[in-house]
Amino acid sequence: MHMDISLPLDLLHASTAGLKRLALDTRCREAFLQSPLLAEVLAGPASRYILADRQAELADKLNILADKGYLLGLEYVGEEVSAPDEVEAIVAEYLQLIEGAEAFSLWRPVQLGFDLSNVGLLISRELALQNAARILKAAAAKEIRVVLSMERSSMVDSILSIFFELAPVHANLGITLQAHLHRTAVDLERVLPFGRKIRLVKGVYREPADVALPRGAELDERYLGLLERILSSGTEVAVATQDGGLIQRIRASGLARGVTEFEMLHGVQPEVLKSLKEAGLPCRIAAVYGVNWYLHFLHRLAEYPPNLFVALADLHQPERIRFAAAY
C-alpha cells in the first residue's frame, strides 16, 4: 500500500539512503536478533510484508493467494549467514519445505528463491555450491523451480560462478540480475546462452556511483534495454519491480506481451499487481516467511520512505492489515 504523500526529491533520496544505511548496520541487526521486545513491537507493521513466521502457517495463506489467480514465489527470509550450524538449519528448512510442498494445493508449484549468502557463501564457495545443488535436486523431484537471488556487487562474481556451474545440470535453476549495476549488460550476455529463467530487478543495495546507477530515468531506460535484449533471445523473464511508472512503460511499449510474468513482493502495491492480473497478464506474488525479517522490512520501507507513515499507522491500528484483501 502506497500513501499519496509528496516529498521533495532530495528528501526522498536522503530518506531512502538513511533507511538502507539502517538496514546494513550490523549493530541494528544484532539489536533486532537479540531483543524480543523490538521484534514484537515491529511485528505488526512487518506482517504487511512477511507471510508467516513458521512453515506450518504458510499453506492457508498461499492457497488464498493462489485462489485469486496468482503464481507464487517463496523465500525463507534472511541474509549473510556465517555460522555453519545456522547455514545447515536454513538448508534443512528448504528441504523440509520442498518435502511438504503437497500441503500447498496450488494450481502450479510454488517457485523458491534464496540468497547464496544464506546457504554458505560467506563460509566457502564450495559449501554454497553443494547446498544449492542439494536444494535444486530436491526441488526438481517436485517440479519446483528455484531462482537464485542477487546480492551486493562484491558478491556478484561468486554468485554467477556458482550459477554457471549449476545451470548445465539443473534445468529448474534461474538467476536474478540487477539493472542498476553497470556490469549487468555484460553479465547478461554470459547468462543468456544457458537458457535459464531470468528475474530482472532494479536492485535494492546501496552502491557507489562507479558501480551502479541511482533510481531515476537513466535506470529506467537501462532496465527497458535489458528487458528488450532478454525478450529478443527468447529467454523466460520475470519483470520483478514495484515501479508502477516503469510497468506502465513496459505495457505501453508492447514488451509486456513477451514477458513470462510480472512479479511483485507480497504487501507492496497489491493494487498494481491486481490490475495487471485483471488485464490478463501472468502475475507472481513473491512472499517471504521466517523470523529474521529485519532487513526485508527495512528494504520495503527504503523503496518508498512514505511507507514509514503506513508502518506507524499499522502500529497504531493493527486491524488495518487484512491479509490478501487488496489482491
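Applying the side chain to side chain donor-acceptor pair (under 3.5 Å) rule to Ser82 yields no partners; only residues at least two apart in sequence or on another chain are considered. Qualifying ring-ring contact (aromatic ring centres under 6.0 Å, His included) partners for Phe114, counting only residues two or more places apart in sequence or in other chains: Tyr94. Residues passing the ring-ring contact (aromatic ring centres under 6.0 Å, His included) test with Phe163, sequence neighbours excluded: Phe194. For Glu88, the side chain to side chain donor-acceptor pair (under 3.5 Å) partners are Arg134, not counting sequence neighbours. For Thr176, the side chain to side chain donor-acceptor pair (under 3.5 Å) criterion is met by Arg199, not counting sequence neighbours. Under the side chain to side chain donor-acceptor pair (under 3.5 Å) criterion, Glu57 pairs with Arg54, sequence neighbours left out.
With rounding to the nearest 0.5 Å, the separation of CD1 in Ile135 from CD in Gln130 is 12.5 Å. How far CG of Leu51 is from NZ of Lys61: 5.5 Å, rounded to the nearest 0.5 Å.
Smallest separation of non-hydrogen atoms from Gly44 and Ile321: O-CD1, 3.1 Å. Heavy-atom minimum distance, Arg196 versus Thr235: O-CG2, 3.2 Å. Residues Ala185 and Leu226 come closest through the heavy atom pair CA-CD2, 3.9 Å. Heavy-atom minimum distance, Ile175 versus Met150: CD1-CE, 4.1 Å. What you find for Ala240 and Tyr223 is that their closest heavy atoms are N-OH, 3.4 Å. Scanning both residues, Leu58 and Ala52, for their nearest heavy atoms gives CD2-CB, 4.0 Å.
Proximity of a side-chain donor or acceptor of Lys277 to a complementary backbone N or O of Lys68 within less than 3.5 Å is detected. The backbone N or O of Gly267 lies less than 3.5 Å from a partner atom in the side chain of Tyr327, making a donor-acceptor pair. Remark: side-chain polar atoms of Thr260 are not paired, donor with acceptor, to backbone N or O of Glu236 under 3.5 angstrom. Asn307 places no side-chain N or O within donor-acceptor distance of the main-chain N or O of Leu301, the cut-off being under 3.5 Å. The backbone N or O of Leu192 lies less than 3.5 Å from no partner atom in the side chain of Ser233, so there is not a single donor-acceptor pair.
Aromatic rings from Tyr294 and His299 are positioned such that their centres are separated by 6.0 Å or more.
For residues 176-187, the salt bridge (charged side-chain N to carboxylate O under 4.0 Å, His left out) pairs, not counting sequence neighbours, are Asp157-Arg183, Arg183-Asp187, Asp187-Arg190. Here side chain to side chain donor-acceptor pair (under 3.5 Å) pairs that include residues 114-125, with residues two or more places apart or in two chains, are Asp115-Ser149, Ser117-Glu151, Arg125-Ser161, Arg125-Glu165. The salt bridge (charged side-chain N to carboxylate O under 4.0 Å, His left out) pairs that include a residue from residues 241-251 are Lys202-Asp243, Glu221-Arg249, where partners are two or more places apart or lie in different chains. Annotation: salt bridge (charged side-chain N to carboxylate O under 4.0 Å, His left out) contacts involving residues 31-47, sequence neighbours excluded, are absent.
Inter-residue side-chain proximity for Leu224 and Leu246 is flagged as met; some heavy-atom pair is nearer than 4.5 Å. At least one side-chain heavy atom of Leu65 sits under 4.5 Å from a side-chain heavy atom of His266. Between Thr241 and Phe262, every side-chain heavy-atom pair lies at or beyond the 4.5 Å cut-off. Side-chain contact between Tyr70 and Ile64: absent, with no pair of heavy atoms (C-beta onward) separated by less than 4.5 Å.
Grouped with Val41 in one hydrophobic cluster are Leu37, Leu315, the linkage being side-chain heavy-atom contacts under 4.5 Å among Ile, Leu, Val, Met, Phe, Trp and Tyr residues.
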Val146 and Gln111: CA distance, side-chain angles, deciding distance, side chain to side chain contact (heavy atoms under 4.5 Å, CB included) verdict: CA-CA 6 Å; Val146 177; Gln111 175 180 282; over 6 Å; no
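Residue Glu189 places its CD atom among more than 12 non-hydrogen atoms of other residues, nucleotides or ligands, all under 6.0 Å distant. The local environment of CD in Glu102 is crowded, with over 12 non-hydrogen atoms from other residues, nucleotides or ligands closer than 6.0 Å.
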Please tabulate, one pair per line, all N/O donor-acceptor pairs under 3.5 Å involving side-chain atoms of residues 283-293, not counting sequence neighbours.
from, atom 1, to, atom 2, distance (Å)
Arg284, NE, Glu261, OE2, 2.7
Arg284, NH1, Leu72, O, 2.7
Arg284, NH2, Glu261, OE1, 3.2
Tyr289, OH, Glu93, OE2, 2.6

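Using a 3.5 Å distance cut-off with no hydrogens or angles, the side chains of Arg222 and His182 do pair a donor with an acceptor.
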